[in-house]
Structure formats: structure tokens, C-alpha cells
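Before any comments, here is the structure.
Residues take their numbers from the sequence shown, with the count starting at 1.
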Amino acid sequence: MIKVTQVNYKVKSGITILKDIDFAAERGQLITILGPNGAGKSTLLSVLANEIDSNKNEIELKSIPYHKWHVKELPKHKAKFSQQNNADIPLDVKEIVMMGRYPYFDSKPSKEDEQAIETNMLLTDVLSLQKRPYNSLSGGEKQRVHLARVLAQLENGVEEKILFLDEPLNNLDVLHQHKILQLIKQFTQMGNTAVVVLHDLNLAAQFSDKILLLKKGEKICYDTPEKVLTRDIISSVYNFPCTVCVNPVNNNPLIIFGT
């Protein structure tokens, strides 16, 4: 689905943010990027999503380099949920979600566009908020509105789409954290791919097919949760002791921090 080789990224001051990262995500996988603060998680996601200059690194989406994609076609195959969104947008919720359909119409949305946003507002529990001013919402509600927007963007007949999400669980309560991850998992089970930046290791263990673990801009490991989330690896990367045992509910790794 997406492949990069030896990704490097430096800021103008010369500081290296990403160093020699190899990465490939396959069709149908939910990939989680983990790592401590400053590991380069969000930067890598932006590079993968073709949002920032990757210092000439070639990234292939569906075996085609980004620079060979038509600019109007690409948004139908990939979408990105960003960690930071403008907090002051003088529009109502429905208008925000409709932004995800802009690649599909010029002046007036079709019935298909209306259906796409209604479906995804329902899935993210914001349909009842559709007439509310965006600026009147709580942080968690705004988060779910933007999730509906990017999901609506990929509501089409294209096969093998990819969704990039940068900390989509911020400001969400436990119920909505699990609902959103289940929704993303369902998206991948339909033959699509998702690459998600998370901080919660136990949620990553529960929902991920593979985990990419970063530290100081370098790849530490990339494998299944069982192989990445071990006591030695996690304690070393996060510089904090932990115990890893088997979750009695789902048999996934269960990480408990502390001595």
C-alpha cells in the first residue's frame, strides 16, 4: 500500500528529525506508530502523507511515487487526520464535515456527498451536532467532527485506500476512544490501510496489526505487538521500568508502568 526506503528528514537548522527509516504498510493493516515525546512520530506521519518535504525521499503509494499522482486524484485514495486543527472556524458541523467531499464536486454537493457525510457523522456520534456552530463544541466533539470529515473524504468506490491519523484519541473519553479505534479497524478490514500515531501502548496492543516503535528519530523495531511490546524494549525506549503480562480478556500484551 505504502512504502518508503531510508527516510531522512532535517529541519532548516540542520537538526535531524528522522534518520534512515524503512517502512511499508500492507493492504488491510492497522499500523500504529509509537514512541516517547520527540521521537518523530508526527513528522514521519506527515512525510508518509506527502504533507511536508521529505528531503527527496521517494514514497510510493500503491507502487506509484507521489510525484506521479494527479493532484485531483490523490485525495480519493488517501486522507489525513491532523493533531492540530484551527480552533476558530466560523462554520457549522455539517459544513466542516462536507469539506471532506470537496474533491468530488465543484459548486453543489450531490446526493452521494450528502449521504457520505451523514453516514460518517453517524459513525462518529456527531450527527446530532450537525447544525451546531463548530466553535461551540468541546475538544472531544471537535475531534470527532474532523474524524467524520476524513472518513467522508474516503467514502467512494476506490479500492485499497489509506488513512493517516495523528493522535486521533486526544480529548476523547474511554467510550469514544474504543469506538473510534473499532471504526478504524473496520476500515482496514474492508481492504484498506490505516497508519495511526498513538500514545496509549495498551490500546495499540489491542488494535494494531503491527507497531512501528521510534526513538529520537530512528526505527527501533517494526513488528507485531507481541514482538514489539516486551519489557526490555519498552523499558529501554521510554526510559522507565515496566512489566508486560498477558491481558486476561484478549490475550494481547498488557503493559504496566512502574517498579
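Checked by atom type and distance alone, the side chain of K185 pairs as donor or acceptor with a backbone atom of F207 at under 3.5 Å. The main-chain N or O of L172 is found under 3.5 Å from a side-chain atom of Q177 such that the two form a donor-acceptor pair. A donor-acceptor pair is defined here as one N or O able to donate and one able to accept, closer than 3.5 Å; no such pair exists between the side chain of N192 and the backbone of I162. Between the side chain of R132 and the main chain of V93, no donor-acceptor pair closer than 3.5 Å is present. Side-chain N or O atoms of Y66 include one that pairs as donor or acceptor with a backbone N or O of L48 at under 3.5 Å.
Distance check, rounded to the nearest 0.5 Å: CG of L154 to NZ of K76 gives 12.0 Å. Atom NE2 in H176 sits 11.0 Å away from atom CG in L183 (nearest 0.5 Å). Here OG1 of T124 is found 11.5 Å from CD of Q143. Values are rounded to the nearest 0.5 Å. One finds the CZ atom of F187 at 10.0 Å from the CG atom of L30 (value rounded to the nearest 0.5 Å). Here N135 contributes atom CG and D92 contributes atom CG; the two are 11.0 Å apart, rounded to the nearest 0.5 Å.
Of all heavy-atom pairs between S82 and E51, the closest is OG-OE2, 4.3 Å. V228 approaches I211 most closely through the heavy-atom pair CG2-O, 3.7 Å. For the residue pair L198 and L34, the shortest heavy atom distance occurs at O-CD2, 3.4 Å. Nearest heavy atom pair, residue K41 against residue P36, reads NZ-O, 3.0 Å. N252 approaches Q206 most closely through the heavy-atom pair OD1-CA, 3.5 Å. Minimum interatomic distance between I33 and V195 (heavy atoms only, all atoms of both residues): CD1-CG1, 3.8 Å.
Across E159, E160, K62, K161, a single residue satisfies side chain to side chain donor-acceptor pair (under 3.5 Å) together with H77, and that is K62.
Ring orientation note: the planes of Y238 and F257 are nearly perpendicular, at an angle over 60° on the 30°/60° scale. Between Y134 and H146, the angle of the ring planes goes over 60°, which puts this pair in the perpendicular group of the 30/60° scheme.
A salt bridge is absent between K108 and E114: the closest approach of a Lys/Arg side-chain nitrogen to an acidic carboxylate oxygen does not fall below 4.0 angstrom. Salt-bridge check for D173 with K179: failed, with every basic side-chain N at 4.0 Å or more from each acidic carboxylate O.
Within the 4.5 Å cutoff, side-chain heavy atoms of L214 are placed close to those of I21. Looking at F164 and K78, their side chains come closer than 4.5 Å, going by heavy atoms from C-beta outward.
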